[in-house]
J.: 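Once you've had a glance at the structure underneath, I'll fire off some questions.
Below, chain A is the first sequence line, B the second, and so on; all start at residue 1.
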Amino acid sequence: MLSNQIINWYLQNKRELPWRETKDPYQIWISEIMLQQTRVATAIDYFNRFIEQFPTISDLAKAKEQEVLKLWQGLGYYSRARNLHATAKIIQSQYNGIFPDSYEEILKLKGIGSYTAAAIASFAFNLPHAAVDGNVYRVLSRIYGIDKAIDSTEGKKYFQSIASETMGNARPEIFNQAIIEFGALQCIPRNPKCDICPLFANCFAYNNAQVDQLPIKSKQIKTKNRYFYYLFLSCKSQFLIEKREKKDIWENLFQYPLIEYNKPIPTDELLQTLEWKELFGNKNMLIHSVSGNVLHKLSHQNLHTTFIHIEMDIKKLKKNTDYKIINYSEIPNYPFPKLIEDHLNMIVKNNT
DNA sequence: CATTCGTGGCA
DNA sequence: TTGCCAAGAAT
């Protein structure tokens, strides 16, 4: 039986991971959110720091969102952290601080979709729901030779039913862990280890030379270009930051004052723009330096970034704005996108 | 249904 | 190098 083969493989090959040492639904929840679109190797350190700082739902519910985002800094997809925090507060107030123990209730929580609900329901409560993630799509598509697109509504529904059938009467907790781990270590995206695979004899893709063609994805990602001009306004060891509050990338993270264009603009033209004049008027200032083009690539965007370092009396800028003046020593209190964090690290390094 | 949301690793 | 992709979810 396929489920037994996968489970046997798992029992002999599984990794020791911090979230596998607990049955606490809170910790399992945190790990599953972190692991969304994120590699295990990256998530481990973030997980340990997170649990250390927020050991329980109550601790997380009492925290400030800014603290949570700071712990999340560098992980990406920051809505995960915002939803995590919001959900902790809801569990605290509406569920008496107790993590819900049914699939349907878990699925209602912010930031939890069908995969994560099934993962938590099975790992923490051993409920029979097949957790279908990218690994499972890959494993099932290859074994059964399924050519339905994994990013179509029809395909998702079909794979969900196949996964449930494959799980059968196996223990949900073990089976879900096993098939995910099998996909992560053995049936990997590129150059899967078919030569040492215990399932190759019954694998459709292997026996029909389709391993490299499965799974099928229908959509293609397209990226757009944005042009960021960040103004690093400093005075001795102080500088200006602002909070990003629009529905865009990096919501509720901090950055320097930003002038954005949809096409590149020469620095001398930038000095003539309305934004620039509104910001500086006739104030006394010195352009300390202008960086070269820094390319920051996101999944759907290329950010062509220029950092303009200006030295001036920044206290004179503060009126009528949401800008905040902070000292280098306060950097650990504010969550920054990696693009900004990297620049700050360079600045601090050059001034100490 | 298509798009958007980060960052890092790998060939 | 450049593109793909990783324990997906929300809109």
J.: Kindly state which residues belonging to residues 129-147 of chain A come within less than 4.0 angstrom of DNA chain C, counting heavy atoms of the residue only, listed by number.
T.: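 Heavy-atom cutoff 4.0 Å gives Asp133(A), Gly134(A), Asn135(A), Arg138(A).
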
J.: Can you pull out every ring-ring contact (aromatic ring centres under 6.0 Å, His included) where at least one residue sits in residues 161-189 of chain A? Sequence neighbours excluded, please.
T.: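 Qualifying pairs: Trp9(A)-Phe182(A).
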
J.: Base, sugar-phosphate, or nothing: which does Thr153(A) touch, judged by heavy atoms less than 4.0 Å apart?
T.: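 Answer is sugar-phosphate: Thr153(A) comes under 4.0 Å of backbone atoms only.
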
J.: Measuring only between side-chain heavy atoms, which start at C-beta, is Tyr26(A) closer than 4.5 Å to Ser31(A)?
T.: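 With C-beta onward as the side chain, the pair stays apart.
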
J.: Which is the 5'-most and which the 3'-most nucleotide of DNA chain C that has an atom under 4.0 Å from a heavy atom of chain A?
T.: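 Nucleotide range in contact with chain A: dG3(C) to dA10(C).
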
J.: Looking at every non-hydrogen atom in both residues, tell me the closest pair between Ala178(A) and Ile7(A) and how far apart they are.
T.: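 What the structure gives for the nearest pair is CB-CA, 4.0 Å.
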
J.: What string of B, S and - do you get for nucleotides 5-11 of chain B, 5' to 3', if B is base contact, S is sugar-phosphate-only contact and - is no contact with any protein heavy atom under 4.0 Å?
T.: BBBBBB-

J.: For dT3(B) and Lys219(A) - does any side-chain N or O of the residue sit under 4.0 Å from the phosphate oxygens OP1/OP2?
T.: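 So the side chain of Lys219(A) is outside the cut-off, no N or O lying under 4.0 Å from OP1 or OP2 of dT3(B).
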
J.: In whole Å, I'd like the distance from the CG atom of Asp151(A) to the P atom of dA2(B).
T.: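 Atom-to-atom, Asp151(A) to dA2(B), this comes out as 8 Å.
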
J.: Round to a whole Å and report the spacing from CG of Leu303(A) to C1' of dT4(B).
T.: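 Taking atom C1' of dT4(B) as the reference, CG of Leu303(A) is at 13 Å.
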
J.: Counting any heavy atom closer than 4.0 Å, what does Trp19(A) reach on the DNA or RNA strands: base, sugar-phosphate only, or nothing?
T.: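 Trp19(A): base contact, heavy atoms under 4.0 Å.
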
J.: Just distance, no hydrogens or angles: give the donor-acceptor pairs under 3.5 Å from side chains in residues 154-163 of chain A, sequence neighbours left out.
T.:
residue: Glu154(A); atom: OE2; partner: Lys148(A); partner atom: NZ; Å: 3.2
residue: Gln160(A); atom: NE2; partner: Ala130(A); partner atom: O; Å: 3.0
residue: Ser161(A); atom: OG; partner: Tyr158(A); partner atom: O; Å: 2.7

J.: Does anything in residues 114-123 of chain A come within less than 4.0 Å of DNA chain C? Heavy atoms only, and list the residues if so.
T.: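 Within residues 114-123 of chain A, the residues near DNA chain C are Ser114(A), Tyr115(A), Thr116(A).
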
J.: Would you verify whether the NZ or CZ of Arg49(A) falls within 45 degrees of the ring axis of Tyr46(A) while also being under 6.0 Å from that six-membered ring's centre?
T.: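 Pair Arg49(A)/Tyr46(A) counts as cation-pi.
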
J.: Using distance alone, with no hydrogens and no angle criterion, decide if Arg20(A) and Gln177(A) have a side-chain donor and acceptor under 3.5 Å apart.
T.: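 Arg20(A) vs Gln177(A): donor-acceptor pair found between side chains.
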
J.: If you look at every strand shown and take non-hydrogen atoms under 4.0 Å, does Ile28(A) touch a base, only sugar-phosphate, or nothing?
T.: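 Nothing, no heavy atom under 4.0 Å.
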
J.: Could you check whether atom NZ of Lys70(A) has more than 12 heavy atoms from other residues, nucleotides or ligands sitting under 6.0 Å from it?
T.: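 Counting other residues, nucleotides and ligands, NZ of Lys70(A) exceeds 12 neighbours.
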
